[in-house]
Amino acid sequence: MSASPSHSPNAHTSGEAAGAARPFDGWAAVVLAAGRGTRMRSALPKVLHPVAGIPMVRLVTNTLHAAGFGHIVVVAGDARDQIADAVGRDIRIAVQDQPLGTGHAALAARDAAGESSHVLILNADLPLLSVRTLREMSERHLGSGAVLSFLTAYLDDPTGYGRVVRRNGRVDGIVEEQDADAATRGEPEVNGGLYAAEAAWLWPALAALTPGASGERYLTDLIGAAVRDGGVHPYQVQEAIEVQQVNTRVELAKVEQAMRDRIRRALMESGVTLVDPAATYIDAGVQIAPDTTVFPGCHLIGETRIGSGCRIGPNAVLRDMTIGDRCEIGGSTLEGSTLAEGVTVGPYCHVRPGSTLEHDVHLGNYAEVKASRIGARTAVGHFSYIGDADVGIGVNVGAGAITANYDGETKHRTRIGDGAFIGSDSVLVAPVEIGAGARTAAGAVVTRDVPAGALVMGMPAREHPPEGGPAARD
Ligand code: UD1
Ligand code: CA
C-alpha cells in the first residue's frame with residue numbers, strides 16, 4: 001500500500017483524513033524506533049511487528065501523515081535498513097548508534113529535523129495514537145506558551161509506564177517505574193510517550209541530559225527541566241487505549257485487538273455489514289465499499305479492495321485482492337489477483353497471484369487458478385487447474401480439466417479461444433492453443449493446437465469430423 005494519508009485506521013472520521021488536515025508547517029515529527037525491544041523476546045525488531053497487518057512504526061508514520069505532518073524523521077539503530085523499507089521513501093532516517101535511552105535517541109534526530117521551529121517526538125510503539133490526538137496536542141501546545149507539552153493518561157493499571165508526579169496539582173516531573181517508590185507507583189497518571197516542544201529550547205535541553213542509574217538518558221527528564229525553564233503543558237488523552245504501548249507480546253495482542261476493533265467499527269459505520277465482527281479479521285490496509293456483507297471467519301489481508309454489493313465468506317481468505325462490485329466469494333483462498341464485477345467463486349477454490357477474472361466468471365468448487373486471465377462469463381465448475389492460461393469469453397471448462405503447464409523444466413502457457421468447450425478430464429499439454437469454439441472430448445489429452453471450431457478426442461487428441469456441424473460451434 002502506498003502511504004496514502006487518507007487511509008489511516010487511526011483517523012476516527014473521514015473528516016479527519018488528510019484532505020481536511022491543515023499541514024503542520026514548521027514542525028518536524030521525530031519517531032523513536034531505535035530501542036532493542038528486548039521484552040518482546042524476538043529476532044524481529046519490536047517496531048516492525050505488525051499490528052493489523054502493518055508494521056507498528058509504519059502505522060505511526062501513516063498517522064503522522066494523516067494528521068498533516070510532512071517532515072517526519074524516524075530514529076533507527078541496527079535495524080535501520082529494515083525500518084527504512086517499512087516506512088517508505090518519503091521518511092528520513094536518523095541513526096542512533098547505540099540505544100543509550102530515549103533522550104539520546106531524540107537528540108540523534110537533530111540534523112534531520114533541520115530548522116523546524118517545533119518538534120513533535122513520539123515513541124514508535126504507540127500504534128493506536130489517533131490523528132485527533134496528534135493534531136490537538138500540537139495545536140494546544142502552540143497556544144500554551146509552554147516550552148514543552150506531553151501526553152498524559154489515567155490508567156487503571158499504570159504498570160510499565162513513567163508516572164506523572166504533581167506538586168500542589170501542578171506537574172513536577174516524570175519518574176520512571178524502575179526509579180519510583182511505592183507511593184509514586186500508585187499514581188494512576190502516566191506519561192503517554194508523545195511530546196511537543198519548541199525547537200530552540202529542545203535541542204540544548206536534550207544535549208544537557210545526563211545518564212541515570214541505568215546509564216540511559218531519559219527523554220522524560222525533559223519534563224522536570226521544562227518545569228524549571230518556562231513551563232510544561234500536560235495534555236490528557238481522550239481515550240486511554242491510545243497510549244497502550246507495546247513492550248511485550250501480551251501488549252501486542254491487546255493493541256492488535258483494539259486496532260482490529262477500530263477497523264471493523266469504521267467499516268460498519270461506512271456501510272459494510274459484518275455479520276459477526278469479532279470473528280472477522282481485517283487488516284488496516286483493506287478497503288470495502290458500502291453494502292457488502294462479510295460473513296464470519298473471513299480474513300481480509302494486506303491491500304485488499306472490495307467493491308459494493310458483494311457477499312464474502314463465510315471463511316474466505318483474501319490477500320492483496322482487488323474485487324469488483326456484486327461478487328460472491330464462498331470459503332476460498334484468493335491472493336494477489338483481480339476480479340471484475342459479478343464474479344462468483346467457491347466454496348473451496350484457490351486463486352493464486354497474477355490472475356484476472358473478468359466479469360461474471362464462475363469458479364465452482366475445487367478450482368485452482370494461477371497467473372491466468374479468464375474471460376467474461378467463462379465457467380470453471382468443478383475440480384480444475386488453470387495455470388499460466390489465457391482463457392477467452394464464454395468458455396466452459398468441464399469437471400477435472402487441467403492445463404498441464406509444466407514439462408519438468410519450464411512453464412508454458414495455454415490459450416483457449418472464445419466459446420470453446422473443454423470436456424471433462426481434458427488435459428491441455430502446454431504450450432497449446434484451443435481455437436475459438438473448438439471442443440475437446442472427455443478425457444482428451446491435447447498435445448497440439450486445435451483449430452477454431454474443431455472437435456478433438458483421444459490420447460493424444462486427434463481431430464474428428466465435426467458431428468454436429470457448425471451448430472456445435474455456438
Ligand atoms: C517510555 C517512557 C515512559 C512512558 C512510556 C510510554 C522514557 C525513559 N520512558 O518508557 O515514561 O510512560 O515510554 O509508552 O522515555 N528507543 C530508542 N532508543 C533508545 C531507547 C528507546 O529509539 O535508546 C525507542 C524505542 O524503540 C521505543 C521508544 O523509544 O519505540 C520508547 O522506548 P521504550 O523502551 O519502549 O520505553 P519505555 O520503557 O516503554
Ligand atoms: Ca514502550
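Both counts, for ligands and for their atoms, begin at 1 and track the order of listing.
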Got an N/O contact under 3.5 Å between [X] and ligand 1?
X: V47; value: no
X: N123; value: yes
X: A124; value: yes
X: L32; value: yes
X: Q98; value: no
X: E176; value: yes
X: L126; value: no

If we number the atoms of ligand 1 from 1 as shown, the ones under 4.0 Å from a heavy atom of A105 are 17 (C), 18 (N), 22 (O)

For ligand 1, is V75 a contact, meaning one of its heavy atoms is under 4.0 Å away? no

T159 and D157 side chains, donor-acceptor separation under 3.5 Å: yes

Nearest non-hydrogen contact with atom 20 (C) of ligand 1 belongs to which option: G193, G160, G101? G101

Checking contacts here: is it the side chain or the backbone of N247 that comes within 4.0 Å of ligand 1, counting heavy atoms only? Could be both or neither. side chain

Looking only at heavy atoms, is any part of E216 under 4.0 Å from ligand 1, and if so is it the side chain, the backbone, or both, or is it neither? neither

Quick test: of every protein heavy atom, which one is nearest to [atom], and how far off is it to 0.1 Å?
atom: atom 39 (O) of ligand 1; answer: Q245 OE1, 2.7 Å
atom: atom 32 (O) of ligand 1; answer: T102 CG2, 3.8 Å
atom: atom 18 (N) of ligand 1; answer: Q96 OE1, 2.7 Å

Any non-hydrogen side-chain atom of K411 less than 4.5 Å from a side-chain atom of K370? yes

For the side chain to side chain contact (heavy atoms under 4.5 Å, CB included) test, which of R352, M321, H350 pairs with L334? M321

Distance filter under 3.0 Å, centred on the Ca ion (ligand 2) - protein N, O or S atoms that pass it: D125 OD2, Q245 OE1, N247 OD1

Heavy-atom closest contact (V164 atom, N191 atom, distance): CG2-N, 3.9 Å

